[in-house]
Amino acid sequence: MNKYVKKGLCIALAAGLIASSFAGCAKINYVTNGAVEAIYKIKDGSWLEKEEDANADAGDSDPIVIKELVPNTYGGVEFKTLEDVAKYYVEAYNYTKTLTAQYKDDQGATQTFYKLLGDEDLQVGEVMIDGSSSKVINNIVPGIVSTMFSKNTYGLVPCYNRNPDLDNNSDDATHKNDHDFRTSAITADDILAANVTDNGDGTITMEIQPKAGQMSLRGEDSQGKFFEVLGDISGTIAQIKQVSFTQGTPEENVIVDYKGGTVKVKIDTKTKEIVEADYKMIANVSVTHASILGVIKDKSASLIITYTNHYPASAEYLKEAKGIERLS
């Protein structure tokens, strides 16, 4: 009884952007045709009920969403500038990634992983097609994305593996953007705003808002140095045979803007170990002049995705997500 809705195919494009990009980070199991088939199940006529989104145009600004630094001494550590914040964050990040623990994997073998492993969650906001929203479409998308997203656990982001020996991308045949993710490359130039709080228990909480970025690559810019960014999704879309563009190239029509994301880390000032952390990445995905399967022509789609990581992951999460158990 379900019928096809032509414009609903644009969501397959938007969902495909997210899924296929994260798949490169082993985060989503994705089959393009499967997503398209799921979209076909949208009821005919549902697209007629649209809602205008007053905030569809996010603009080019990079507003500060956290409190700004008040120069002072926090937990016995002096923070006068963003340079001080960046330096301390790097020292804490680098030290924390030297710490390991023993785990039992899903095969019962003992493995050495990072001491601090995290959980992850992916949420998709309202999907806009040609600037308009459909309640039915947006009710269906979360379910589609949830079937794509396969939860995993890694060390502090940006990260390539939970095994420290494998936490780099030097296996890339091109070696164009080699990075060792056991250390952070953050500098003050990557930070838009930051603040520090003395918790009064030997720890401080540092909150950081990275500067905005576009089409970010892991380890390459302000966003890619803090978060598990999507990477070059235009190249991924160019490989999806169902998708073409009425004008321009994939690089010109597929854009991901990052802004408003935050990092919050609790640090033991005696050891500089990060004992708790929350990373919140916000990506604005937009596609223009898209055609799908030769039926949908010259359409645009946009959505906001929020990807979060919390450290430490609970024992229950580790067991459920990857079947591992911490031994020491």
> Under 3.5 Å, is there a donor-acceptor pair between the side chain of Asp105 and the main chain of Ala109?
Replying inline: yes
>> Whether the side chain of Tyr317 engages the backbone of Asn152 through a donor-acceptor N/O pair (distance < 3.5 Å, no angle test) should be reported.
In response: yes
> Are Glu228 and Arg218 close enough for a salt bridge, meaning some N to O gap below 4.0 Å?
Replying inline: yes
>> If the threshold is 4.0 Å, N to carboxylate O, is there a salt bridge linking Asp167 and Arg162?
In response: no
> side-chain contact (heavy atoms from CB on, under 4.5 Å) with Lys211: which residues, sequence neighbours excluded?
Replying inline: Asp62, Leu192, Ser222
> Mind checking what makes side-chain contact (heavy atoms from CB on, under 4.5 Å) contact with Lys80, not counting sequence neighbours?
Replying inline: Glu78, Asp84
Who pairs with [X] by salt bridge (charged side-chain N to carboxylate O under 4.0 Å, His left out), at least two apart in sequence or on another chain?
X	answer
Lys280	none
Glu320	none
Lys104	Glu325
Lys266	Glu276

> Does anything in residues 179-194 pair up under salt bridge (charged side-chain N to carboxylate O under 4.0 Å, His left out), and if so which pairs, sequence neighbours excluded?
Replying inline: Asp180-Arg182, Asp190-Lys225
>> Can you classify the ring geometry of Tyr279 versus Tyr311 as parallel (below 30°), tilted (30 to 60°) or perpendicular (above 60°)?
In response: perpendicular
For [X], all residues meeting side-chain hydrogen bond (donor to acceptor under 3.5 Å, both in side chains), sequence neighbours excluded:
X	answer
Thr246	Asp298
Thr205	Asn199
Asp198	none
Lys115	Glu273

> If you look only at pairs with a residue in residues 186-227, which of them pass as a ring-ring contact (aromatic ring centres under 6.0 Å, His included), with sequence neighbours excluded?
Replying inline: Tyr89-Phe226
